[in-house]
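Input: a single structure, listed below in structure tokens.
On a predicted model such as this, the values are computed, not experimentally measured, just so you know.
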Amino acid sequence: MNDLLKEKGSNQSSREILPKGVRIEFPKKTGFGDLASPVAMHLASPLKMAPRAIAIELQSRLSPLKEISHIEVAGPGYLNITFTLEFVHECLHKLLDADQSPISPVSSSKKILIEYVSANPTGPLHVGHGRGAAYGNSIARILKTLGHDVTSEYYINNAGNQMDLLARSTYLAWRDLQGNLSDEERAKILPDGTSYQGAYVTEIAREIAENPSLLSEEERKQALAGMDHSSLFLSRFSQIAEDRIMEGIRKDLNRFGIEFDRYFSEKTLHAPDPIEGQSSIDKCLAEIRDFSKSPEASGLADIPDLFEEDGALWLRTSLLGDDKDRVLRKSDGNLTYYAADIAYHREKISRGHDLFIDVWGADHHGYILRMQAAMKTLNALNKTDAELKVALIQLVNLLREGKPVGMSKRSGDFVTLSDVLDEVGVDATRFLYLTRSHESSLDFDLDLAKSKSMDNPVYYVQYAHARVCNLLKQAEIRGIKVPSKWNLQHLSPLVGDDEKALILLLDRFDLVVSECGSMMEVHPLTDYLTELAGHFHRYYFHNRILSPESGGEPLILARLALSSGVGRILRLGLSLLGVSAPESM
RNA sequence: GCGCCCGUAGCUCAGGGGACAGAGCAGCUGGCUUCGAACCAGCGGGCCGGGAGUUCAAAUCUCUCCGGGCGCACCA
């Protein structure tokens, strides 16, 4: 439908005037036609004509189209277009064709790598991670159905201080299990006194204590001897804790309907190559250094280069508007997290993607610019043109009885994703996360989600789907033969205004999904499905589908056709959200 | 102090130049002898944070002020 308008609109030799194309609206109120456009108003000034005169001109040119039953010029110059029933029936007919996807693929498919969740393996996933998980996964599903080549990945931050702290916390818990630990020894294990205190730490410690095969004889001896002697055993504790925690994270994700194509370990970036002896990060930094010095690079203006100052290694990110340049290797010789991240993106580029989508928590806001800057350098030296889009997921405010719940992982006072799934359920949790734009913070009230779960919009949508399934089942029970393939004749009894509106709403699905893809937002789809479910509930209530007052079997069949069209779109839409479409509830 | 996001119905939020500003929840009223009432019909509720500007047209764009969130390390 939009194509149709666009084609005709551009015949007005006004393509330059309307660079964004013809604006189309779906009127909210009845009486403004099926489609409305304020084009005439937009053309008024450049054409130096009165809006209404232009509208009338457009009206006369568009009305001969066979798809259009009539066009009205309304208000200051609106074009209100009404479609013919035949055209509307054709739309539905297409939607019912099982061989054809209701979603039209994008014109140019991209090779996309989406990285999301990527929670540190220092504890179970909490509600904040859940939001990023639901968002990233749905975006991935949407982009995939739009015809992109999508790979999903989880980056495991298993190197650095956080992991060291986890290892020490686990070790401390393990020592506590062995009994009488002096304060002095305690202070040696955790010099600044902070530690991870969640129950999962004690559990891991207990497992280590109870399962002799986890530690070698030598490691156990050293560990019992304490920190003074050698703390090499800490890396064992670290590894065991990471394994257990990642196992739990995978389980949670799996339960949440999420599988990654790949888990990428940060450690592998630090590990020296067995042959060359250099780690990926070292190699990447050397590459950038060489490139920065090359004559090729000196010709390029705004590519951040690598330089040394005050004994540290820097990337000149200020070239691209960053407040200051950023350190890659500290003067004490240690690498920063930034360096590892650059090496990671370097690795991603080598896999030949056009677009990277990184889904990060809102607290990484300040990190975007420097990552974009690094991408520029990496692209220049690899002669690639990969784009990085960062989706910042705003905070989830977890509430209980309307009061905020603390979520500090170290104090152990936080609610895990799996707790929420137990309480609220997978479908409701996913849907709830996706009802809001990821750019605004979300209040997640546990008691509300629990106690009012039957009022949750997800059930409203799922119930509409269950109703469709039930109708088809009932039809079968009543001996009504539902054709496996629908033709236009079947649909011709659909003449009611509500039926026409419902079909046009179904037809909009395609547009909504493609909008979600280009905007990188999921909530338009959630909204749409709620609206569609509402339309169907109303239609169902006001029309006896299997026993109409008149019209007989042809009308029954036509209405069943429409209902199964609704069912198909609901099912497809829900699957994009990762929410189930039950046949009965 | 600087940067980003946000301020719309009692609450949580859509709408991001166009026709009388929408939805869900909460509140009130009504509807099950029918293919499922997890539903439907109706009512009330708004200086779209304040002010100024751009425009034929501003909740939407610009500026400014006020209020809230987040970020600004040789941390991860």
> For B:rC63, which nucleotide is its Watson-Crick or G-U wobble mate, given both distances must be under 3.5 Å?
Replying inline: B:rG51
>> What's the closest nucleotide to the side chain of A:A312 if the choices are B:rC74, B:rC72, B:rA76?
In response: B:rC74
>> Whole angstroms only, please: what is the CZ-C1' distance between A:F431 and B:rA38?
In response: 14 Å
> Of A:P524 and A:W314, whose nearest nucleotide on RNA chain B comes first from the 5' end?
Replying inline: A:P524
> B:rA14 pairs with which nucleotide, Watson-Crick or G-U wobble, both distances below 3.5 Å?
Replying inline: none
> Could you give the CD-to-P distance, from A:E439 to B:rG71, as a whole number of Å?
Replying inline: 17 Å
> Going by atom types only, do A:D427 and A:Q462 share a side-chain donor-acceptor pair under 3.5 Å?
Replying inline: yes
>> Assess whether a salt bridge exists between A:R329 and A:E308, defined as any Lys/Arg side-chain N lying under 4.0 Å from an Asp/Glu carboxylate O.
In response: no
> Which of these nucleotides, B:rC40, B:rC35, B:rA19, is closest to any side-chain atom of A:I545?
Replying inline: B:rC35
>> Which is more 5' along RNA chain B, the nucleotide nearest A:A362 or the one nearest A:A159? Just name the residue.
In response: A:A362
>> Using the rule given for salt bridge (charged side-chain N to carboxylate O under 4.0 Å, His left out), can you reason through A:D341 versus A:R370, listing the C-alpha separation, both sets of side-chain angles and the distance that settles it, and then say yes or no?
In response: CA-CA 11 Å; A:D341 240 4; A:R370 78 187 72 161; over 6 Å; no
>> I want to check one thing: is the phosphate of B:rG15, taken as OP1 and OP2, less than 4.0 Å away from some side-chain N or O of A:H523?
In response: yes
> Among B:rA14, B:rG36, B:rA19, which is the nearest nucleotide to the side chain of A:Q474?
Replying inline: B:rG36
> Counting side-chain heavy atoms from C-beta on, which of B:rG69, B:rC35, B:rA76 comes nearest to A:L395?
Replying inline: B:rG69
> From the list B:rC72, B:rA41, B:rC35, which nucleotide is the closest neighbour of the side chain of A:N470?
Replying inline: B:rC35
>> One pair to check against ring-ring contact (aromatic ring centres under 6.0 Å, His included): A:Y135 and A:Y433. What are the steps and the verdict?
In response: CA-CA 8 Å; A:Y135 170 81; A:Y433 275 137; over 10 Å; no
>> Applying the Watson-Crick and G-U wobble criteria at under 3.5 Å, what pairs with B:rG3? Answer none if nothing qualifies.
In response: B:rC70
> For A:S437, which contact category applies under a 4.0 Å heavy-atom criterion: base, sugar-phosphate, or nothing?
Replying inline: sugar-phosphate
>> Are A:V424 and A:L432 packed together at the side-chain level, in the sense that at least one heavy-atom pair is separated by less than 4.5 angstrom?
In response: no
> Is a donor-acceptor pair below 3.5 Å formed from side chain A:S440 to base B:rC6, judging by atom type as modelled?
Replying inline: no
> Picking from B:rA41, B:rA76, B:rA14, which would you name as closest to the side chain of A:H364?
Replying inline: B:rA76
> Within the structure, does a side-chain N or O atom of A:K330 lie under 4.0 Å from either OP1 or OP2 of B:rA73?
Replying inline: no
> To the nearest angstrom, how far is A:N543 atom CG from B:rA41 atom C1'?
Replying inline: 15 Å
> Which is true for A:R544 with a 4.0 Å heavy-atom rule: it touches a base, it touches only sugar-phosphate, or it touches nothing?
Replying inline: base
> Could you state the CG-P distance from A:D322 to B:rC4, rounded to the nearest angstrom?
Replying inline: 13 Å
> Contact class for A:Y540 vs. all strands (heavy atom < 4.0 Å): base, sugar-phosphate, or nothing?
Replying inline: base
> Expressed in whole Å, how much space separates the C1' atoms belonging to B:rA21 and B:rU8?
Replying inline: 8 Å
>> Check A:E115 with A:K348, please: is the shortest side-chain N to carboxylate O separation under 4.0 Å?
In response: yes
>> Side-chain N or O of A:Y528 versus OP1/OP2 of B:rG15: is the shortest distance under 4.0 Å?
In response: no
> Across the strands shown, which category fits A:R436 at heavy-atom distances under 4.0 angstrom: base, sugar-phosphate, nothing?
Replying inline: base
>> At 4.0 Å (heavy atoms only), tell me whether A:T336 reaches a base, stays on the sugar-phosphate, or touches nothing.
In response: sugar-phosphate
> Could one point to a donor on the side chain of A:N80 or the base of B:rA19 with an acceptor on the other under 3.5 Å away?
Replying inline: yes
>> Output the rounded distance in Å from CZ (A:F541) to P (B:rG30).
In response: 16 Å
> Across the strands shown, which category fits A:A475 at heavy-atom distances under 4.0 angstrom: base, sugar-phosphate, nothing?
Replying inline: nothing
>> With a 4.5 Å cut-off on side-chain heavy atoms, are A:R131 and A:L442 touching?
In response: yes
> Base, sugar-phosphate, or nothing for A:D310, non-hydrogen atoms under 4.0 angstrom?
Replying inline: base
> So what's B:rA38 paired with, Watson-Crick or G-U wobble, going by both distances under 3.5 Å?
Replying inline: none
> Considering only B:rA76, B:rC35, B:rG71, which nucleotide approaches the side chain of A:H365 most closely?
Replying inline: B:rG71
> Which part of the nucleic acid does A:K324 contact within heavy-atom distance under 4.0 Å: base, sugar-phosphate only, or nothing?
Replying inline: sugar-phosphate
> Paired with B:rG44 by Watson-Crick or G-U wobble geometry, both distances under 3.5 Å: which nucleotide is it?
Replying inline: none
> Roughly, in whole Å, what's the span from OH in A:Y463 to P in B:rG36?
Replying inline: 8 Å
>> Under 3.5 Å for both donor-acceptor distances, Watson-Crick or wobble: does B:rC32 have a partner, and if so which one?
In response: none
> In the structure shown, which nucleotide is the Watson-Crick or G-U wobble counterpart of B:rA26, with both distances under 3.5 Å?
Replying inline: none
>> Using whole Å, what does the distance between atom C1' of nucleotide B:rG3 and atom CG of A:D363 come to?
In response: 16 Å
> Considering only side-chain heavy atoms of A:N161, which listed nucleotide, B:rC75, B:rG36, B:rC74, is closest?
Replying inline: B:rC75
>> Check the phosphate of B:rA37 against A:R467, side-chain N and O only, distance under 4.0 Å to OP1 or OP2. Yes or no?
In response: yes
> Which part of the nucleic acid, if any, lies within reach of A:R329 when heavy atoms closer than 4.0 Å are counted: base, sugar-phosphate only, or nothing?
Replying inline: nothing
> Is there a side-chain contact between A:V461 and A:F431, using heavy atoms and a 4.5 Å cut-off?
Replying inline: yes
> Is there side-chain contact between A:R559 and A:N543, with at least one heavy-atom pair below 4.5 Å?
Replying inline: yes
> Is there a Watson-Crick or G-U wobble partner for B:rA21 with both distances under 3.5 Å, and if so, which one is it?
Replying inline: none
>> Rounded to whole Å, please give me the gap between CG in A:L442 and P in B:rG69.
In response: 17 Å
